[in-house]
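Okay, structure first, notes after.
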Amino acid sequence: LGLATLRSLARNFWRPPAVLLVGIMAIAAWFLLSPMAAAGRGVTSSSLGSCDHADYAAGARVLLEFSKDDRIGMLGLSEVTRIGSAEYFFDFWLRLNHFTPSALIAHQSAIFGLEPYRLISVTAVVLLLLNIPLVFFLARVAAGVRVGVALFIAALYAISPLSAYAVHQGGLGQLLAAQGIALLVVITALLFREARSERPLWSWGLMLCAAFWLLAGSYNFILIVCLAQVVPWVLGRALVKRQIQSIKPVALVMSVALLLCIALFWPRFSGIVERFQLLAEYDYGWRVPLFAWDGWLGLVSDVYLEPLGSFWQPLLMLGLGAGWLGWLWRAWRQ
């Protein structure tokens with residue numbers, strides 16, 4: 001993968017879209033990092049009051065300072081740290097919490113000799129910058145817009161106040177999940193395109209495996225939500241474009257990639273059912289009905305995550321449903 005990327009960069013780097021994308025990433029890096037760099041002599045974190053900064057730093061310290069099999073070095077007994085089936089802190093991050101961001105911070109802390117808490121916001125910026133090219137590809141491949149429009153969408157994502165909020169709120173799991181979602185949709189769309197040719201599809205399966213792992217490592221339960229969105233989209237796209245014969249090879253590659261990921265990273269997948277049980281057992285503040293349109297899209301009425309009023313919810317569902325059906329009818333006519 002690394003050699004293929006270098007070869008592609010050497011061939012395509014000086015083309016205008018690539019140069020402009022790198023420029024957008026550089027501007028976004030300055031926009032987000034300069035306030036933190038100006039605050040002190042070394043790397044620091046900037047928080048808007050979220051508990052996630054401490055959460056990721058604590059997870060990184062656990063992964064950095066203790067071995068997986070250490071059952072006596074942790075502060076606190078199993079009666080204190082037990083959450084569901086996780087009796088120790090290490091198991092909690094491995095099975096139920098946001099494993100990959102904390103593991104990444106622990107890895108970088110060991111390399112650079114820095115305390116984990118200093119790297120939270122910087123890691124969030126890095127993950128946001130890595131999402132920018134994927135937003136560009138998502139606009140190009142999945143939505144089919146022109147290069148200029150796709151660059152504009154990527155730039156909008158890069159310097160959006162919402163993106164800055166994700167960084168300063170410490171939304172590492174969300175940023176990583178966004179990367180997995182974008183990769184999953186882009187690779188699935190390209191799979192359908194390649195299915196009409198005679199070329200083998202298994203090389204795309206490795207990229208799908210990476211997408212599934214990013215999702216499992218950030219919020220493992222979001223895998224269910226993503227598959228619930230991607231599968232109908234894939235079937236609808238095949239129906240509209242009259243590519244029914246492509247469904248079988250694409251489904252086979254996706255299934256094998258998912259099963260391979262499950263086999264390699266079983267602890268993350270074994271905790272999915274339990275994570276949903278915990279969400280049902282404890283009030284995390286998310287009171288939006290899951291099967292409503294606003295529940296899927298994350299539209300809420302205020303900062304306390306209260307659901308939209310009863311007047312707006314049906315209107316929103318009707319409006320989005322009409323827009324989706326209109327697009328489907330237009331695509332069918334074309």
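What you see is a predicted model, and the numbers here were worked out from it, not measured in a lab. In what follows, residues are counted from 1 in the order of the sequence shown.
Rounded to the nearest 0.5 angstrom, F99 CZ and F92 CZ are separated by 13.5 Å. Taking CE of M254 as the reference point, atom CD1 of I187 lies at 10.5 Å (rounded to 0.5 Å). Between the OH atom in Y219 and the CD1 atom in I181 there is a gap of 11.0 Å [rounded to 0.5 Å]. With rounding to the nearest 0.5 Å, the separation of CG in L208 from CG in L191 is 5.5 Å. Rounding to the nearest 0.5 angstrom, the gap separating the CD atom in E115 from the OG atom in S45 is 11.5 Å. The CH2 atom of W213 lies 12.5 Å from the CG atom of L260; values are rounded to the nearest 0.5 Å.
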Verdict with reasoning, I132 to L129, per side-chain contact (heavy atoms from CB on, under 4.5 Å): CA-CA 5 Å; I132 294 171; L129 296 180; 4.0 Å; yes
Full working for side-chain contact (heavy atoms from CB on, under 4.5 Å) between W204 and T188: CA-CA 9 Å; W204 297 104; T188 305; over 6 Å; no
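Contact between V141 and A189 at its shortest, heavy atoms only, is CG1-CB, 3.6 Å. For L119 against S109, the heavy-atom pair with the smallest separation is CD1-OG, 3.5 Å. Shown here for A110 and L64, the closest heavy-atom pair between the two residues is CB-CD1, 3.8 Å. A pairwise comparison of heavy atoms in P116 and A57 identifies CB-O, 4.0 Å as the closest pair. A pairwise comparison of heavy atoms in V253 and G205 identifies CG1-CA, 3.7 Å as the closest pair. Smallest separation of non-hydrogen atoms from G271 and N220: C-ND2, 3.8 Å.
Cluster annotation: W93 and L264 are assigned to the same hydrophobic cluster (Ile/Leu/Val/Met/Phe/Trp/Tyr, side-chain heavy-atom contacts under 4.5 Å, transitive). At a threshold of 4.5 Å between side-chain heavy atoms, the hydrophobic network of Ile, Leu, Val, Met, Phe, Trp and Tyr places F265 and V273 in two separate groups. By the rule that hydrophobic residues join a cluster once side-chain heavy atoms approach within less than 4.5 Å of another member, W329 and L325 end up as members of separate clusters. Hydrophobic clustering places V250 together with L252 (ILVMFWY residues linked when any side-chain heavy atoms are closer than 4.5 Å, directly or through intermediates).
W30 pairs by the side chain to side chain contact (heavy atoms under 4.5 Å, CB included) definition with S34, not counting sequence neighbours. Judged as a side chain to side chain contact (heavy atoms under 4.5 Å, CB included), and not counting sequence neighbours, the contacts of L315 are F311, W312. In this structure, the salt bridge (charged side-chain N to carboxylate O under 4.0 Å, His left out) partners of E65, at least two apart in sequence or on a different chain, are R61. Listed by chain and residue number, N97 satisfy the side chain to side chain donor-acceptor pair (under 3.5 Å) test with D55 (two or more places apart in sequence, or in another chain). Among residues two or more places apart in sequence or in another chain, the side chain to side chain contact (heavy atoms under 4.5 Å, CB included) test is passed with L206 by none. With sequence neighbours left out, A54 forms a side chain to side chain contact (heavy atoms under 4.5 Å, CB included) with no residue at all. Residues passing the side chain to side chain donor-acceptor pair (under 3.5 Å) test with Q108: none are found, sequence neighbours excluded. Residues forming a side chain to side chain donor-acceptor pair (under 3.5 Å) with Y117 (at least two apart in sequence, or on another chain): none. Under the side chain to side chain donor-acceptor pair (under 3.5 Å) criterion, S46 pairs with H168, sequence neighbours left out.
R140 is not listed as a side-chain neighbour of V186, based on a closest heavy-atom distance of 4.5 Å or more. Using a 4.5 Å cut-off on side-chain heavy atoms (C-beta onward), D52 and Q169 make no contact.
With L172 as the fixed residue, the side chain to side chain contact (heavy atoms under 4.5 Å, CB included) test singles out one of L127, V167, V126, L128: L127.
The main-chain N or O of L215 is found under 3.5 Å from a side-chain atom of S218 such that the two form a donor-acceptor pair.
Listed by first then second residue, pairs satisfying side-chain hydrogen bond (donor to acceptor under 3.5 Å, both in side chains) with a partner in residues 253-270 read R95-S270, not counting sequence neighbours. For residues 44-65, the ring pair (Phe, Tyr, Trp, His ring centres under 6.0 Å) pairs, not counting sequence neighbours, are Y56-H98.
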Per-pair distances, 0.1 Å, donor-acceptor, side chain in residues 144-163, under 3.5 Å, sequence neighbours excluded:
residue	atom	partner	partner atom	Å
Y157	OH	N131	ND2	3.1
S160	OG	L162	N	3.1
S163	OG	Y157	O	2.5

